[in-house]
Each structure stands twice: as structure tokens, then as C-alpha cells.
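What follows is a single structure, written as C-alpha cells, with notes after it.
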Amino acid sequence: MNKKITKIITASILSLDTQDQSWAENLNIEVTQTKDLSHGDFSCNVAMRLSKILKLPPLDIAKKIINAIETTDGIEKIEVAPPGFINIFLTKSEKTQILKKILSKDDGFATEVQGSKGSILLEFVSSNPTGPLHVGHGRHAAFGDSLAKLLRKAGHKVETEYYINDAGRQIDILLVSILIKALNKIETKSDLPRACYQGEYLNPIADEMIKQSRDLLTPLLTKNFLKQDVSEDEEIDLAILSVKNTIGDEMFESLSSDICNITINTIKEDLKRFGVTFDHWYSERSMINSGLISNSINDLTKKNLLYKQEGALWLKTTNYNDDKDRVVLRDDGRSTYFASDIAYHADKKRRGYDQLINILGSDHHGYIGRLKAGLASLGFSPEDLEVVLVQFISLYRGKKKIQMSTRSGEFTPMSELYNEVGVDAARFFYVSKSQSQHLDFDLELAKQTNNENPVYYIQYAHARICRVLSQMTSQKISFEKEIAEKNLDKLTTKHEVELIAKLSGYPALIKQSANNKTVHTLANYLHELAQLFHSYYGAETFLIADKELRNARVLLIKAVQIILKNGLSIIGVSAPSKM
RNA sequence: GCGCCCGUAGCUCAACUGGAUAGAGCAUCAGCCUUCUAAGCUGAGGGUUAGAGGUUCGAGUCCUCUCGGGCGCGCCA
């Protein structure tokens, strides 16, 4: 309908008698659904935008436009409202068409054909496998999973991916931390080097280590890893070196691979319980082993984009809008994190996706420029990578701000939250606020007031509809679709009109949310829809004697049920049939 | 010091990317269960959109400055 109106308004404008129509060619006519039904069903602001060009008052232009509009099916009337809005009122039967469509398409309503909008690789969470996910990661998990579902509905072919940082120094540190913890359990009681991971979650892994490889630990018992007289970094590097020398590089590699598998599996399990699954788990270690990094460095060398300085190898990212050049190989020959990322993102593109979307924490915003520069230097278009930033969660316990750090072991695990308040409430809470806003989150409050989470309000609306429908069955009333469809004009109360208008807005909302990469807009929509339904429920009885009106009303609430269920599924929240 | 993000009701957040009277939920106050589930409904109070200029038919939204907060500026990951 939106397109139809745009078309007739365009036609009308073009038919206007003006000397110069060159402006009309790139005129972007916006027809939007109104917030306030007294302004009609759709409105258009084109007259006000034309007023400067045509040097006429907007109201006059609007009048001219509507006078030139040809009468069309489905439109009841068109009005002009100050300062120059063109308001379009649809006929009753036109408005209720949407209900039939929702019922016939069911879950497929407002769904574009998959792949019609191109393919996307969506990467999110990708938290280092050095510990369990905390509540901050929860926001990424909930948002990313919902965004993937939303984009699929909007017609994209979407695959999700988790990049595992299972190589490099942090994993070395993790392994050393676990080994020392294990040694402490056997006999030596010493502190951990300052840079070590301290968390309690390492204890079970240390126990396992003792069980599996006790012999290996024996020669380490005599070592002293604490060196207070050097810096934190040097201390841990010496400890890593000492362990490697004692047990051998090969064994060290093998053990770190083992512990990565353990931590990754806990992360996988955790996400699964949270309702989040990934299509791909991409290991940095295996990427390095398959030579992708050296390949991409070779490619860059051929393109003459690398140079040596102070023993390190630099990439001229400044050629591609970065603010300074970046190191890819350190003076000791090891590749940097950045080198991995260039190779990784080039590999993503080579796997054939049209678009790459990364969901990153807002602290990574400085990284976007060099990532795009990296892609560009390998000949890919930097526009193919889009980064969606998710702002931080500030966690409070009452008034007190909680600092979170995986390394120090001071963090609230994501699982603690969803175990306490439930997956549905946690997921809804996360996605109900814009990801581009900082979020203050009082943990105590969230746990206490879980019954007041708006998710229950929405789920309750769904459950109430299910209840009405099951009451019908038990009262031996059947739903007669033909009668319902013939009598949709009888839905005339304020609540009914508003509900129908709200339902009509669903496809546009899906489209807009997908374009803007926002999920909270959908969460808000569902809340508003539920609100309209609850009001309606309180105001009218559905199972009435009047057969015609009853069937029409039942059709309406069935449509509401379909949309609620569909929207909730995108957010990853269940739609219970009773509560 | 340079760069990015943000500031909306007592609290947590919206506002269809520049549209019509800035909206919800908590919290507060007053009503509604004999009738499809009260995890609900109906109503009330609460705002100089941090502040000051500017752009235009029209600004919470765009531009400049001030104040206040978050984050980033490694041969860390």
C-alpha cells in the first residue's frame, strides 16, 4: 500500500504544471505510517520539502498535489493538514486486508525470500577462550543472535561465526596459570605471577590436569615463577619460557590446545543454554597452521605495501585512510594480532559472502579503520565490512559499580544471570535497549524484579490468546474463516482499529530494523502490540453470541498471536501457550 | 593532548534517521476480579530533552562552543 501511495503522489506531482521539473527526478518521496490515527493511515511530507524549491507555501503545494491525485481503490480520502502534511485515509476494507494476509502467510508473514538481499557473514561474541562468558558478553550474544534472525527474515542469507583466539600469548598465560594452580594443589603453595588468570573457574581444569598429566607436573614443582624485581610482562614471559623449556615446546602446544578445547566447550554449552548457536567456529590456531597468515603477507609483499623498520615489518595502512601504519611481523618474527585479522577477514571474503558484519564492543572502535585498511590493501572493498558497535554495560549492585575482568577473576558470569532470571527475561532485557547506548544494569534489581520484566507482559498476551482459542474448542465453538473474512468491517472499536494499524506496521518495522541493525525497535514494537491487545482484552469479550462479530474478532486476535510469536522468536524468547 | 560515543520524567530506557501534543516500564497516588488467566485493565501526578548560540516551514535529532560522563590512541590480545 505504501508503494502504491508513493506512486500516485509521484504521478500527481509530475502532472503539476511547473516550468522546470528537473528537481522531480531525484525527489525521494517518503510515505510513512502515522503515529496518530487522526492524521490518517499514511502521511507524506513532500509538500514541505518542495516549498523551498518551488518558492510556494507548503500548504498550497499540498493542496495542488491532492487536487491532481487520481482517485484510487482503497483510499477513502486525502486531506491536507498544516503546515503541509498530506494525510491519506484508507477505506475500512483496505485496512483489514492485512489480517487475511497475516493468517494465510502465518509465520512467513513479512518475510522476504531468503538470499534475495545477498549473503552476510555475521561475526559476534568471539570472546577469548580464557574463561567463561560474563554478563557483558551476554549483550553481544543476545543481540547478535537476534540480529541474525532479523536479517534472515528481511531476506538476507546469514551465517554466524565465532572467531576463536586460540593462539598467542594469552593462551600461553592461561596454560601457565592452570599449571601453577595445579602445582599449588599438589604441594607448593605460591602466589601466581601478577599477569596470570586468577579465577576460580580454573580450579576444575587444574584438577583435570593433575589427573591426566601428573608426571608432567613433577619436574615443574621445584620451579619458582615469581620474579618481583621485573615488570609484570617480563615475569610472565619468563614463566612461560621456563615451562616450555621444562616440558618441551611440543607438549606445551598440545596442552594449550587441550585447555582451549575445554574452555571453548564451556562457552559453547553456555551459549547453547542461552539459545545462541553458531554456524561456524573458526579457530585462529588452525588458520595459522594452514598458512593463511604467511599467504596474506606474501600477497602484501607482492603489492609492495610492506616495509621494514626497527626490525619489524609494517603495513602501509595509511594508504587506506588509517591514521598510522601497523606492524604485521614483530622484530622476533612472530605475527601480530592485526596480521591474523587481515588474513581472517580476507578469508571470510574469499569464502564468498557479499557482506561481512562484525559486532564489536565499543572499545574496539579504534580498530575499525585499520581492519578496513587491511581488507583494502588485499584488494577487497572496505565497504563490504560493516562494524556494529555495542556499548558497554555498567554493572551495579545497588549503587556500587562492579568492575569486570576475566584475568582477575572478578566478573559475573552470563550463566549466573540467566540461571537466576531465566533465559527469556535475560534475553529480552538485553535486546530491549538500543545497542548504541550505554546500559546501566543493577544486578540485584534484575534478579529481584524478574517478574516485572516486560517480557512477561508480552508472553502473557500470547498466552491469553491461546487461552481464548482453547476455550473456544472446549465450548465447541469453531472458527469459521469465511464468515470472519466477510465481516472484518465490523471491527470498528478504537481498540480494533488501533490493533489493525499496529499489525499493518509490522513488515515496515522488520525492514527498518534490519536496515538499521537494531533489535530494540522490534522489542518495543512487541511491547506496544501487547499493550494494545491487553487493553482490547479488558474492553471487549471475544466469545460472544453474535457469530459474525465473534469470528471477525477471533481472526484479529489470531493475527496478533501470529505476530507476537514471530517477533518473540526473532528475539529468542519463547511464546508460551499458558502462564 | 588527539579521536570516537553519549547526556531525555525520581530510576532504567523509547522517539520510525529533520515531522504534527517528546512516549513506555519501574516507583508514587486513586479505582477495577461472580463474567475468555489480575503476570491484567482504567485514571492522576511527574519534562526549559545538560547549558548557550546557529541552520529552516519545523530541531531531542543537524552545525559551533561550554559543562559533565564513557571509551580508544602498543612490535597487548
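Naming: A, B, ... by sequence-line order, numbering from 1 per chain.
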Considering only side-chain heavy atoms of [X], which listed nucleotide, [options], is closest?
| X | options | value |
| --- | --- | --- |
| A/Pro83 | B/rC5, B/rC57, B/rC75 | B/rC57 |
| A/Leu439 | B/rC13, B/rC36, B/rC73 | B/rC13 |
| A/His365 | B/rG40, B/rG3, B/rG70 | B/rG3 |
| A/Thr336 | B/rG19, B/rC75, B/rA15 | B/rC75 |
| A/Lys324 | B/rU17, B/rG74, B/rA77 | B/rG74 |
| A/Gln531 | B/rG70, B/rA77, B/rA24 | B/rA24 |
| A/Ser43 | B/rA24, B/rA20, B/rA14 | B/rA20 |
| A/Thr34 | B/rC6, B/rG40, B/rA20 | B/rA20 |
| A/Lys433 | B/rA77, B/rC41, B/rC13 | B/rC13 |

Can a side chain N or O of [X] be found less than 4.0 Å away from OP1 or OP2 on [N]?
| X | N | value |
| --- | --- | --- |
| A/Gln309 | B/rC75 | no |
| A/Lys35 | B/rA20 | yes |
| A/His520 | B/rA15 | yes |
| A/Arg330 | B/rG74 | no |
| A/Tyr537 | B/rA39 | no |
| A/Arg464 | B/rA38 | yes |

How far does the [atom1] atom of [N] sit from the matching atom of [M], given to the nearest Å?
| N | M | atom1 | answer |
| --- | --- | --- | --- |
| B/rG70 | B/rA50 | C1' | 16 Å |
| B/rG3 | B/rC16 | C1' | 31 Å |
| B/rA59 | B/rU64 | C1' | 15 Å |
| B/rU12 | B/rG46 | C1' | 16 Å |
| B/rG43 | B/rU35 | C1' | 23 Å |
| B/rC26 | B/rC63 | C1' | 37 Å |
| B/rA14 | B/rC62 | P | 15 Å |
| B/rA9 | B/rG60 | C1' | 14 Å |

Spacing between [X] atom [atom1] and [N] atom [atom2], to the nearest angstrom:
| X | N | atom1 | atom2 | answer |
| --- | --- | --- | --- | --- |
| A/Asn551 | B/rC36 | CG | C1' | 15 Å |
| A/Phe533 | B/rA39 | CZ | C1' | 14 Å |
| A/Asn45 | B/rA59 | CG | P | 15 Å |
| A/Phe392 | B/rG72 | CZ | P | 6 Å |
| A/Gln435 | B/rC6 | CD | P | 11 Å |

In terms of the angle between their ring planes, are A/Trp281 and A/Tyr162 parallel, tilted or perpendicular, with boundaries placed at 30° and 60°? parallel
Could you check A/Gln471 against A/Tyr337 and say which one's nearest nucleotide on RNA chain B is further toward the 5' end?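 So the residue in question is A/Gln471.
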Between A/Tyr457 and A/Arg334, whichever has its closest RNA chain B nucleotide further toward 5' is A/Tyr457
Is there a donor-acceptor contact under 3.5 Å linking the side chains of A/Ser231 and A/Asp233?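 Checked: A/Ser231/A/Asp233 side chains show no N/O donor-acceptor pair below 3.5 Å.
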A/Tyr307 and A/Asp325: side chain donor to acceptor below 3.5 Å: yes
With sugar-phosphate meaning primed atoms plus P, OP1 and OP2, does [X] contact a base, only sugar-phosphate, or nothing at under 4.0 Å between heavy atoms?
| X | value |
| --- | --- |
| A/Asn87 | base |
| A/His39 | base |
| A/Gln391 | sugar-phosphate |
| A/Asn524 | sugar-phosphate |
| A/Lys578 | base |
| A/Gln437 | sugar-phosphate |
| A/Glu540 | base |
| A/Ala508 | nothing |
| A/Asp36 | nothing |
| A/Ser535 | sugar-phosphate |

Could you tell me whether the side-chain ring of A/Phe85 sits stacked on the base of B/rG19, using a centroid cut-off under 5.5 Å and a plane angle under 30°? no
Could you identify the nucleotide paired to B/rU42, looking across every strand shown and requiring Watson-Crick or G-U wobble geometry with both distances under 3.5 Å?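 B/rU42 is paired with B/rA30.
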Considering every strand shown, what is the Watson-Crick or G-U wobble mate of B/rG3 when both distances are under 3.5 Å? B/rC71
Test item: A/Glu410 and A/Met404 side chains (from C-beta on) under 4.5 Å apart, heavy atoms: no
Aromatic ring centroids of [X] and [Y] under 6.0 Å?
| X | Y | result |
| --- | --- | --- |
| A/Tyr430 | A/Phe143 | no |
| A/Phe429 | A/Phe441 | yes |
| A/His527 | A/Tyr457 | yes |

Report yes or no: is the cationic atom of A/Arg407 (NZ for Lys, CZ for Arg) under 6.0 Å from the centre of the six-membered ring of A/Tyr197, at an angle within 45° of the ring normal? yes
A/Ser535 side chain vs A/Leu532 backbone, donor-acceptor pair below 3.5 Å: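 The answer is no, because no donor-acceptor pair under 3.5 Å joins these two groups.
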Just label B/rU49 as syn or anti from its O4'-C1'-N9-C4 or O4'-C1'-N1-C2 angle, using within 90° of 0 for syn. anti
Judged by whether its glycosidic angle lies within 90° of 0, B/rC57 is anti
